[in-house]
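What follows is a short report on a single structure.
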Amino acid sequence: MKAITTQALDVLSQAAAGRARLRANWDIHAGATDPVQRFCNAIEPGSYIRPHRHGEAGKWELSIALKGRVVLVLFTPEGVLTDRIVLSAGGPTFGIETEPGTWHSFAGLEPGSVLFELKPGPYDPAVDKDFAAWAPAEGDPRCSLFEAWFRTGALGSGPPIRTP
């Protein structure tokens, strides 16, 4: 049995804060082959999650805020910013299900933020995500500029940079 406790989430958040990517996952499921993937995802402010979609048929994603606040950011296929939905452990929006094929990303809005995520498995990293060609890959020096744009930029605006 795995209990999702305040202490466990605090430890996960501390791990995220100490990593270069400013994120940490804790898998609740037993392994990548499980038919239902469930995990806690700690996302600190400044963490860059490259915009992506889950293109495989039936690969929806449910995200619920357990601690803090995280924003789900939605894009058109060309990278135009279309919506921001704040998920907060204090409400009013606690969670959201993202449909298959939706271009999206997340950004941490306050330290110690943790999402519970649930999605169909099995998990195969080779096909789990299609990364947006219009967004820089993780590690690119432009990532912080891009993350700031999708966290605070005007809805209807396009990417602040063009990737090759």
Supply the atom-to-atom distance D124 CG to T33 OG1, rounded to the nearest 0.5 angstrom. 11.5 Å
Under a side-chain separation threshold of 4.5 Å, the hydrophobic residues clustered together with F131 are none
Residues at least two apart in sequence or cross-chain that pass salt bridge (Lys or Arg N to Asp or Glu O under 4.0 Å) with D130, listed by chain then number, are R53
What are the two closest non-hydrogen atoms of G139 and C143, and how far apart are they? N-SG, 3.9 Å
Partner residues of E117 under the salt bridge (Lys or Arg N to Asp or Glu O under 4.0 Å) criterion, sequence neighbours left out: none
Would R50 and K129 count as a side-chain contact (heavy atoms from CB on, under 4.5 Å) here? Give the steps. CA-CA 10 Å; R50 187 176 183 184; K129 294 178 188 77; over 6 Å; no
Show every side-chain hydrogen bond (donor to acceptor under 3.5 Å, both in side chains) that has at least one partner inside residues 3-13, sequence neighbours left out. D10-K67
Side-chain donor-acceptor pairs of residues 69-81 under 3.5 Å, sequence neighbours excluded:
from, atom 1, to, atom 2, distance (Å)
R69, NE, E110, OE1, 3.2
T76, OG1, E78, N, 3.3
T76, OG1, E78, OE1, 3.3
T76, OG1, G79, N, 3.3
T76, OG1, V80, N, 3.0

My understanding is that a hydrophobic cluster links ILVMFWY residues whose side chain heavy atoms are under 4.5 Å apart, including indirect links. Using that, what else belongs to the cluster containing L118? I4, L9, L12, W26, I28, V36, W60, L62, I64, L66, V114, F116
So, H52 side chain and A132 main chain: donor-acceptor pair closer than 3.5 Å or not? no
A32: which residues meet the side chain to side chain contact (heavy atoms under 4.5 Å, CB included) condition with it, sequence neighbours left out? Y123
Pairwise distance CZ(R23) to CG(L115) - rounded to 0.5 angstrom: 11.5 Å
Minimal non-hydrogen separation, W134 against P51, with atom names: CH2-CB, 3.6 Å
Taking C-beta and beyond as the side chain, do K119 and F39 meet within less than 4.5 Å on heavy atoms? yes
I161 side, atom CD1; W149 side, atom CH2 - distance, nearest 0.5 Å: 9.5 Å
P160 versus F146: any side-chain heavy-atom pair under 4.5 Å? yes
When the side chains of residues 88-102 are checked against the rest of the protein, which donor-acceptor pairs come out under 3.5 Å, sequence neighbours left out?
from, atom 1, to, atom 2, distance (Å)
S88, OG, G90, N, 3.1
T102, OG1, E99, O, 2.9

T82: partners by side chain to side chain donor-acceptor pair (under 3.5 Å), with sequence neighbours left out: none
Contacts of type side chain to side chain contact (heavy atoms under 4.5 Å, CB included), residue L22, not counting sequence neighbours: E44, S47
Residues in salt bridge (Lys or Arg N to Asp or Glu O under 4.0 Å) with R21, at least two apart? E138
Minimum heavy-atom distance between D128 and H54, given as atom pair plus value: O-ND1, 2.9 Å
Closest non-hydrogen atom pair between R84 and T152, with its separation: NH2-C, 3.1 Å
Search all heavy atoms of F106 against all heavy atoms of F150 and return the closest pair with its distance. O-CE1, 3.9 Å
Any salt bridge (Lys or Arg N to Asp or Glu O under 4.0 Å) pairs touching residues 145-156, not counting sequence neighbours? E147-R151
